[in-house]
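Step one of this worksheet: look at the structure below.
We count residues from 1, following the sequence as given. Below, all heavy atoms of this structure are taken into account, side chains as well, without hydrogens, waters or symmetry copies.
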Amino acid sequence: NHLLYPSGRLQSQALEEDGQHAPSLHDVDDSVHNNSVLAKPEPEKKEEGQHAPSLHDVDAVHNSVLVKPEKAASHTSEAPVPPESGSRGHDRKEKEKSVFEQVKEEIERVTKLKDDADGLKSRAEDIGKKADGVTKDAQQSKEEASNKTEAAEADRSRAERLRRKAAEALAMAEQLDDRAADATASAQDLRDGAQKKMNLAADMRDEEEALEDKFADKLATAKGAEEKALNQVKSHRVCVDLPGVRLGTAEGAEPRAFAPVAVVAALRTAEACTAWCQEHEACRQSVFSASPAEEEEDDTGGGDSCELFGEASDEPKYFRKTFNSSYCGSLSEKQEMIDRVQSVFKMKPWVPEPRRCAWAGENCMESKCCANVCVSDWQFQKCDWYTCYKQDEYFAGCHLGSAPGGWDGKALGGHATREVPKAEEGVLTQGTSLFCFCVVMWDQPATMQAMDPESAVANNFKEKKLSIFQCEEHAFFDGLPTGSGHNIDSFTHAWQQVKKDGRWKRHDWTVKVDADAVFFPDRLRWHIEALRTPQGSPVYLRNTFFKFHFLGAIEVLTREAVDLYFERAGECDAHVGKQGGEDYWLLSCLEGIGVDYQTDYQLLNDKYAAAENCNSDWVVAYHFYKKVTEWNWCHTAAVNAWKAKNGVPQ
């Protein structure tokens, strides 16, 4: 347990003399466990010229403890101690040897412990890292557990709500069961009652059938009696028909029903209408009107109808194929009725059927006329007409100039225009009811410098209720930007809008008026009365002596001319070229399809025809006035001219 110096002096003794004690193995163990030898010493406060002991210093101490005796002797300053003799010296050496071996073993053990400690430290670090991972996993598990706990709480709450609802549903189901039981019982009562009613109904149907049989017998008897009575009346009466005539109404007369008692009166034909009048002694006149189902009823009697009157009229209202009127009276009145019929037909105007001429390229052998108008220079001072030439016994064609070579060459006819003469006095003439329309490009700017847009001029007379607003009916139709050098497409589109509108059928004349024309509808009615157009004639009015005698500022057509145009406009689309304006295109079309004309050169004063005078009391329209102030000035001038002529103060 003691360390010896080489001199033989016990270290313990030397230390005791210095007031110290020698370290024991226990101290060494403590030193190892406390890292006093193996661990890095705690740094001490440095003073100048000093440094903290390092592991190298510890190794130096280690070497000093294990140094050999003889080398250690060279470092002592004491006088050598004489070697001890005998067995005591030998024992001390053995002890020293034993101590050194023990120390060496302890050092080895300490070294091994240090290595084990390093291994444990490394393992501890690994365990620490794993512990961190485990801690993180534990935290996540804790969070998941918390979430699941919350979900479980929500599920428990939802389960509780469902249990409450289930309880409520169960209670409601029980109530419904009770109600169903009551309803079943009530239904059974109703079924029982229904069966009783069905039985009663069956009895009533049997009774009804019996009554119907009795009614049928009595009705048949009544019909037979009524028919017998009607036939008896009919046998003593006679009717005279006026085919194609709609008679007017005698002054103060109104249509009468003459309703049947038992028979069924199906008055859907002219014959049935006349027969029904003949079978009633009080009926003196029948008027039947038939029109195509797709047409609207108008004031001309459109729509299938049978009107019966107790008074007879000598005045016809219309002559048209869709009408049939009859006079009915006693046998003794037959001659009187025949004389009346003859008087009525004396008022019928002569209206020839429209011509159906051939277009260039078609066979004109049958019609012997050409539909195409002449081909003229731009001033219409020279015009080349088409002629229908015979090629052979089977074909003839319309050509300009002379007949083609090799043809028979016989001229069969040409462009057969017809001017309709005025109707004679006493002959029915076309009425004066007007449907007027304007075609307006509402969004287009002014077409001439310093002038107003067309829409401004139209809105001006619209606000003043002038021009077309003084016709029986009027309309505006939107113009189309054609993007070409002519306005034909825009106006043909407008005419299709007129057809779709349908109001033209209710009036005697249809009038297209340009917005920049100052137009007086009353004056047009005066001109129409003076023209005495035979009623029912398909006619357009030539309105100026300039060029082709028909300028588009005002275009006036009878209802029959418009009807014919709508019927055959497809021919014009196929055969009439689109050179020039819409007015010449319309003239070419109308004459090509067989519309006749009347002439009134005082219908229009047009600047294009060098007629700029607004101071007339008779002219119907003045054109063109594209500035609102100028339009108003012209209108005022024309009105003042009429006032001056008729002595009305201005």
Side-chain angles (χ1 to χ4, degrees), residues 373-384 417 419 436 438-441 446-454 456-458 460-461 466-468 485-488 490-491 511-524 526-528 530-531 540-557 579-588 590-591 597-645:
V373 297
C374 69
V375 177
S376 174
D377 59 11
W378 71 276
Q379 292 181 328
F380 282 84
Q381 294 178 349
K382 181 181 179 182
C383 214
D384 295 329
T417 58
E419 183 168 11
C436 306
C438 270
V439 181
V440 180
M441 301 285 288
T447 57
M448 299 178 66
Q449 189 174 2
M451 298 299 172
D452 293 326
E454 189 175 53
V457 179
N460 171 60
F461 66 72
L466 300 175
S467 186
I468 65 173
H486 62 77
N487 59 352
I488 296 172
S490 180
F491 280 91
V511 185
K512 191 275 287 184
V513 183
D514 285 353
D516 59 352
V518 180
F519 170 52
F520 293 91
D522 278 342
R523 296 188 184 185
L524 177 57
W526 303 339
H527 282 248
I528 289 171
L531 284 169
Y540 77 93
L541 301 184
R542 293 189 175 183
N543 54 27
T544 180
F545 188 71
F546 182 68
K547 287 191 174 182
F548 46 89
H549 302 177
F550 184 72
L551 295 184
I554 177 171
E555 298 170 352
V556 186
L557 289 74
Q579 297 79 23
E582 58 89 17
D583 46 12
Y584 188 63
W585 186 92
L586 183 60
L587 177 143
S588 302
L590 294 176
E591 293 196 356
Y597 69 91
Q598 286 186 293
T599 301
D600 186 346
Y601 290 155
Q602 295 189 62
L603 285 177
L604 175 65
N605 274 3
D606 200 310
K607 292 181 181 181
Y608 288 123
E612 197 171 347
N613 181 17
C614 292
N615 299 309
S616 171
D617 67 312
W618 181 244
V619 172
V620 173
Y622 304 86
H623 183 256
F624 54 92
Y625 294 91
K626 298 180 179 294
K627 196 173 182 63
V628 172
T629 55
E630 294 181 358
W631 195 98
N632 291 338
W633 168 83
C634 183
H635 188 276
T636 302
V639 171
N640 289 337
W642 182 86
K643 289 180 178 179
K645 179 71 175 292

Quick one: closest heavy-atom pair of [X] and [Y], and the distance?
X      : Y      : answer
His623 : Asp514 : NE2-OD2, 3.7 Å
Ala637 : Asn615 : CB-OD1, 3.4 Å
Arg523 : Trp618 : NH1-N, 3.6 Å
Arg542 : Leu603 : O-CD1, 4.2 Å
Val457 : Ala515 : CG1-O, 3.4 Å
Lys627 : Met451 : CB-SD, 3.9 Å

- Task: Taking atom types as modelled, find out whether Glu419 and Thr599 have a side-chain donor-acceptor pair closer than 3.5 angstrom.
- Result: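 Judged by distance alone, the side chains do pair up.
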
- List the steps, then state whether side chain to side chain contact (heavy atoms under 4.5 Å, CB included) holds for Glu612 with Tyr625. CA-CA 10 Å; Glu612 197 171 347; Tyr625 294 91; 4.0 Å; yes

- Message: Does the plane of the ring in Phe550 sit parallel, tilted or perpendicular to the ring in Tyr540? Use 30° and 60° as the thresholds.
- Response: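 Ring orientation, 0 to 90° scale: perpendicular.
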
Within the 4.5 Å heavy-atom criterion, are [X] and [Y] side-chain neighbours or not?
X      : Y      : result
Asn543 : Val556 : no
Leu587 : Tyr597 : no
Leu541 : Asp600 : no
Leu586 : Phe491 : no
Phe461 : Cys438 : yes
Asp452 : Trp631 : no

Between atom [atom1] of [X] and atom [atom2] of [Y], what is the distance when rounded to the nearest 0.5 Å?
X      : Y      : atom1 : atom2 : value
Leu466 : Phe520 : CG    : CZ    : 8.0 Å
Thr629 : Trp633 : OG1   : CH2   : 11.0 Å
Glu591 : Thr417 : CD    : OG1   : 6.0 Å
Thr544 : Ile554 : OG1   : CD1   : 12.0 Å

- Message: Just to verify, what does Lys626 make a salt bridge (Lys or Arg N to Asp or Glu O under 4.0 Å) with, not counting sequence neighbours?
- Response: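 Once residues adjacent in sequence are excluded, the partners of Lys626 under the salt bridge (Lys or Arg N to Asp or Glu O under 4.0 Å) criterion are Asp516.
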
- Message: I need the single residue from Val639, Val518, Asn613 that forms a side-chain contact (heavy atoms from CB on, under 4.5 Å) with Cys634. Which is it?
- Response: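 So, applying the side-chain contact (heavy atoms from CB on, under 4.5 Å) to Cys634 and each of Val639, Val518, Asn613, only Val518 qualifies.
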
[X] side chain to [Y] main-chain N or O, any donor-acceptor pair under 3.5 Å?
X      : Y      : result
Trp642 : Ser616 : no
Asn605 : Ala611 : no
Glu454 : Met441 : yes

- Assess the pair His635 and Tyr622: is the distance between their ring centroids shorter than 6.0 Å?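 Ring centroids of His635 and Tyr622 are no less than 6.0 Å from each other.
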
- Task: Not counting sequence neighbours, which residues clear side-chain contact (heavy atoms from CB on, under 4.5 Å) with Phe380? List them please.
- Result: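 Residues passing side-chain contact (heavy atoms from CB on, under 4.5 Å) with Phe380: Ser376, Lys547, Phe548, Tyr584.
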
- Item | Heavy atoms from other residues, nucleotides or ligands near NZ of Lys607 exceed 12 (cutoff 6.0 Å) |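 Yes, the 6.0 Å shell around NZ holds more than 12 heavy atoms from other groups.
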
